[in-house]
Every structure is written in C-alpha cells, then in structure tokens.
Amino acid sequence: RGGRPPSAEAKPIALDLVWATLREQIGDRFIVMQLTLPAGSASAVRVRTWPSEDHDGRRDEFRIDGATGRLLAAERYADKTTGERVLARILDIHRGSILGWPGQLVFMLAAALMPLFAITGVLLYLSRRRLRRPAPPPTIQLVPGE
C-alpha cells in the first residue's frame with residue numbers, strides 16, 4: 001500500500017474494555033457517541049459523548065487506554081466553569097443553534113443582509129470622496145468705488 005510498515009510495538013485495541021470503562025463512567029447518559037481510534041503505536045482511544053442528538057457544546061470527553069481499558073483522562077461538561085462552558089459552545093453561538101430555531105432564523109436573516117454592508121460601504125466611500133474634492137477657487141469681484 002505504500003504506507004509505513006506496522007509498528008511492532010502497536011498493541012491491539014480492545015474495544016470491549018473501552019466500552020466497559022465508558023459505561024462505568026457515565027452509564028446510559030448519552031444519545032450520541034463518537035469513538036476516535038489512535039494512530040500509529042498510540043493506544044489512547046478518544047470517546048466523546050453528547051446527551052442529545054443536536055451535537056451542541058454539551059459533551060463529555062474521555063481518553064481511555066485501548067489495550068487495558070484504563071481511564072486516562074475525563075473532561076465532563078458538568079465540571080466545567082461558566083467560561084469554559086461558553087467556550088465549548090462557541091460554534092453553536094456562531095451557528096445560531098444556541099437559541100434553537102429562532103436563533104437560526106435570526107442568524108440566517110443577518111447573513112442574508114450582509115451584501116447590504118458592502119453596498120453601504122461603497123456609498124459612504126463615494127460620499128467622502130465627493131466631500132474631499134477641492135472647492136473651486138473663490139472668485140473675487142471688485143465693486144467700483146471701493
């Protein structure tokens with residue numbers, strides 16, 4: 001295949017141990033799970049779980065040793081500070097999904113109005129150029145007798 005030869009140190013991943021550790025940590029409190037297998041000789045499996053299907057920022061992330069099933073790291077949404085929760089939901093804020101369908105509607109309308117900013121900018125530029133033109137030199141008329 002032209003790739004690198006398989007490493008002799010690579011340990012087989014035991015997904016049943018990963019699954020058992022995940023179930024021990026959070027039970028059935030998730031609807032969606034994303035499993036990322038390690039690359040190369042690494043054995044840490046990354047597991048992300050979401051409590052709902054909309055994939056918002058509320059997710060838990062676990063790193064589990066795929067060979068032994070030992071929990072290496074756990075990052076739970078409930079343990080995050082308010083600032084960390086806001087940062088986790090930045091993408092949802094930009095998509096407008098943080099406010100549900102009304103937020104998506106508002107963001108869609110705002111995106112549809114973006115060309116108006118370009119038009120407004122061009123009009124402002126042209127009006128400023130018109131104001132910067134030098135005024136014609138004043139004409140002085142002499143009045144007889146002065």
Side-chain angles (χ1 to χ4, degrees), residues 1-140:
R1 291 185 174 222
R4 286 190 265 164
S7 173
E9 300 175 21
K11 299 176 186 174
I13 303 296
L15 292 179
D16 55 340
L17 294 176
V18 172
W19 179 250
T21 303
L22 180 67
R23 293 292 300 255
E24 178 184 304
Q25 290 297 313
I26 60 171
D28 291 330
R29 293 186 312 265
F30 63 92
I31 291 179
V32 178
M33 177 185 72
Q34 178 185 30
L35 186 74
T36 305
L37 297 175
S41 63
S43 65
V45 176
R46 184 174 73 181
V47 181
R48 288 181 174 173
T49 60
W50 286 268
S52 63
E53 289 184 15
D54 57 356
H55 288 276
D56 59 4
R58 294 173 291 156
R59 74 167 192 270
D60 296 331
E61 185 169 329
F62 302 93
R63 294 200 184 273
I64 302 171
D65 187 349
T68 63
R70 184 173 57 92
L71 181 67
L72 301 174
E75 185 179 311
R76 291 179 174 82
Y77 183 78
D79 296 339
K80 292 183 178 186
T81 65
T82 303
E84 289 171 332
R85 288 181 183 189
V86 169
L87 286 176
R89 301 208 54 191
I90 287 292
L91 178 61
D92 301 319
I93 291 169
H94 283 89
R95 285 188 316 201
S97 63
I98 196 165
L99 301 173
W101 71 265
Q104 289 176 337
L105 181 65
V106 167
F107 274 70
M108 181 190 70
L109 292 174
L113 294 174
M114 279 297 166
L116 290 178
F117 286 116
I119 294 168
T120 306
V122 169
L123 291 175
L124 287 171
Y125 169 75
L126 292 174
S127 70
R128 264 191 242 120
R129 263 185 89 197
R130 212 173 290 133
L131 290 176
R132 278 195 216 146
R133 283 188 187 151
T139 56
I140 301 174

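Not measured: the values here are computed from a predicted model. These numbers come from the heavy atoms of this one structure, side chains and all, not from hydrogens, waters or symmetry mates.
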Engineer: Side chain to side chain donor-acceptor pair (under 3.5 Å) with T68: which residues, sequence neighbours excluded?
Structural biologist: D65
Engineer: Can you tell me how far apart CZ (F62) and CG (L72) are? Round to the nearest 0.5 Å.
Structural biologist: 12.5 Å
Engineer: Strictly by side-chain hydrogen bond (donor to acceptor under 3.5 Å, both in side chains), give each pair with a member in residues 17-26 just once, sequence neighbours left out.
Structural biologist: R23-D28, Q25-R76
Engineer: Which one of L71, I64, L37 satisfies the side-chain contact (heavy atoms from CB on, under 4.5 Å) criterion with V18?
Structural biologist: I64
Engineer: Of all heavy-atom pairs between P115 and A111, which one has the smallest distance, and what is that distance?
Structural biologist: CD-O, 4.1 Å
Engineer: Under the salt bridge (Lys or Arg N to Asp or Glu O under 4.0 Å) test, which residues partner E84, sequence neighbours left out?
Structural biologist: none
Engineer: Show the nearest heavy-atom pair for residues I13 and P38, with the distance to one decimal.
Structural biologist: CD1-CG, 3.7 Å
Engineer: Give the minimum heavy-atom separation between L15 and L35, together with the two atoms involved.
Structural biologist: CD2-CD2, 4.0 Å
Engineer: Of all residues at least two apart in sequence or in a different chain, which pass the side chain to side chain donor-acceptor pair (under 3.5 Å) check with E75?
Structural biologist: K80
Engineer: Taking atom CE of M108 and atom CG of L113, what is their separation to the nearest 0.5 Å?
Structural biologist: 10.0 Å
Engineer: So, is the end of the R59 side chain (NZ or CZ) under 6.0 Å from the ring centre of Y77 and within 45° of the ring's axis?
Structural biologist: no
Engineer: Name all residues meeting the salt bridge (Lys or Arg N to Asp or Glu O under 4.0 Å) criterion together with R48; count only those two or more places apart in sequence or in a different chain, and write none if there are none.
Structural biologist: E61
Engineer: Determine whether R85 and R58 make a side-chain contact, defined as any pair of heavy atoms from C-beta on separated by less than 4.5 Å.
Structural biologist: no
Engineer: So, using side-chain contact (heavy atoms from CB on, under 4.5 Å) as the criterion, who are the partners of R129 when residues are at least two apart?
Structural biologist: Y125
Engineer: Looking at L17 and G69, what are the two nearest heavy atoms and their distance?
Structural biologist: CB-CA, 3.8 Å
